[in-house]
There are 2 protein chains.
Amino acid sequence: MPEALDENQALATYAQALSHPVRLAIIRRLAEQSVCFHGNMAAVLPVAPSTLSQHLKVLKDAGLIKGEIDPPRVRYCLNTAKIKEIKELFDIFLEYALQGGVENC
Amino acid sequence: MPEALDENQALATYAQALSHPVRLAIIRRLAEQSVCFHGNMAAVLPVAPSTLSQHLKVLKDAGLIKGEIDPPRVRYCLNTAKIKEIKELFDIFLEYALQGGVENC
DNA sequence: TTTATTGTTCGTATTTTTGCGAATAAGATT
DNA sequence: AATCTTATTCGCAAAAATACGAACAATAAA
């Protein structure tokens, strides 16, 4: 692994998307498929509707979720392909971090 | 996985630590064991020494790295146990996110 | 003891993130 | 057409993250 600067940037972006408890909670909800609608999540998560929309936007911009209009509601779901990709990236990165195996201090 | 709010908080904290390219670069360097000293990294990374110290502090506070004084320098290295733990956490979380397997939209 | 070397901490400025209510949009319902 | 439901965008405020130079330790070397 020479430098991987682009990969660092991509990883940082995904880590950013995962760096808020509410966003992680959203992902869990969507994984359970119990609630997929904004209003549904708003009822459970401790944030205002507008705040929830912002978090959904962050996840959407990062590609982790998709949204589909199902009038008058919006159904959200996970982008499993992307999440698989992210899982790979994190796995490879963290494995690389461990590979040396030597504790210098 | 009922709610796992604490786990969300822990995950979010680790994700936060990993959400900056320079911090990821630091981790890669330490994994390579090629450079373990502040000055050494400062020469390679595109940030001022004081900024580097801040990033090192973030990583240290999150538990990902350890620092040991080796006068007049400070030797840094990865906390492999913690990184292993983080790898587990991310792996479990992302696997859980994929487990449903159904694309609703 | 003076002087270098190495890093950190402090003070500050800038940018980004987070959060919320109000206003808005878009479509269904009456 | 008027209204209701649902969710987003806007405007703003507060908090956190980022970055840097200057000032400050702490130790080694002269």
Side-chain angles (χ1 to χ4, degrees), chain A residues 5 8-27 29-30 34-78 104-105, chain B residues 5 8-27 29-30 34-78 104-105:
Chain A
L5 275 183
N8 277 356
Q9 186 51 71
L11 257 176
T13 298
Y14 296 135
Q16 222 287 327
L18 296 174
S19 72
H20 195 290
V22 167
R23 289 198 287 270
L24 296 177
I26 289 171
I27 292 174
R29 293 282 169 188
L30 294 180
S34 51
V35 287
C36 301
F37 299 102
H38 178 293
N40 222 336
M41 295 189 268
V44 173
L45 300 175
V47 289
S50 58
T51 303
L52 175 58
S53 268
Q54 279 191 351
H55 285 301
L56 288 168
K57 181 169 160 44
V58 171
L59 289 172
K60 205 171 169 189
D61 288 349
L64 280 79
I65 67 175
K66 293 185 279 188
E68 196 172 66
I69 296 172
D70 182 3
R73 300 182 294 178
V74 179
R75 169 186 294 277
Y76 283 100
C77 72
L78 299 176
N104 297 324
C105 57
Chain B
L5 275 183
N8 277 356
Q9 187 50 70
L11 256 176
T13 299
Y14 297 136
Q16 222 288 325
L18 296 174
S19 72
H20 194 291
V22 167
R23 289 197 287 270
L24 297 177
I26 289 172
I27 292 173
R29 293 282 170 188
L30 293 180
S34 51
V35 287
C36 301
F37 299 103
H38 179 293
N40 221 335
M41 294 189 269
V44 174
L45 300 174
V47 289
S50 58
T51 304
L52 175 57
S53 268
Q54 279 190 350
H55 284 302
L56 287 168
K57 182 168 161 42
V58 171
L59 290 172
K60 205 171 166 188
D61 288 350
L64 281 79
I65 67 175
K66 293 185 279 189
E68 195 174 66
I69 296 172
D70 182 3
R73 302 183 294 178
V74 179
R75 170 186 293 278
Y76 283 100
C77 72
L78 299 175
N104 297 324
C105 58

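Note that the structure is a prediction, hence the values are computed from the model and not measured. Letters go in sequence order (proteins before strands), and every chain restarts at 1.
- Distance check, rounded to the nearest 0.5 Å: NZ of A:Lys66 to CZ of A:Arg75 gives 12.5 Å.
- Comparing atom distances between the A:Pro72 side chain and each of D:dT5, D:dA7, D:dG11 picks out D:dT5 as nearest.
- Comparing atom distances between the A:Ser50 side chain and each of D:dA7, C:dG11, C:dC20 picks out C:dC20 as nearest.
- Of all nucleotides listed (D:dT8, C:dT9, C:dG7), C:dT9 comes nearest to the side chain of B:Lys57.
- Mapping B:Val58 and B:Pro49 onto DNA chain D by nearest heavy atom places B:Val58 closer to the 5' end of the strand.
- For D:dA17, the OP1/OP2 oxygens have no side-chain nitrogen or oxygen of B:His20 closer than 4.0 Å.
- Phosphate contact (OP1/OP2 of D:dA26, side-chain N/O of B:Arg73, threshold under 4.0 Å): absent.
- Taking the side chain as every heavy atom from C-beta outward, A:Leu24 and A:Leu18 approach each other to under 4.5 Å.
- An OP1 or OP2 oxygen of D:dC20 is reached within less than 4.0 angstrom by a side-chain nitrogen or oxygen of B:Thr51.
- Side-chain proximity of A:Tyr76 to the nucleotides C:dG7, C:dT9, D:dA7 is greatest for D:dA7.
- Residues A:His55 and A:Thr51 meet the side-chain proximity criterion, which asks for heavy atoms closer than 4.5 Å.
- The base of C:dG7 does not come close enough to the side chain of B:Ser53 for any donor and acceptor atom to sit less than 3.5 Å apart.
- Contact check, B:His55 against D:dT18: no side-chain N or O comes under 4.0 Å of OP1 or OP2.
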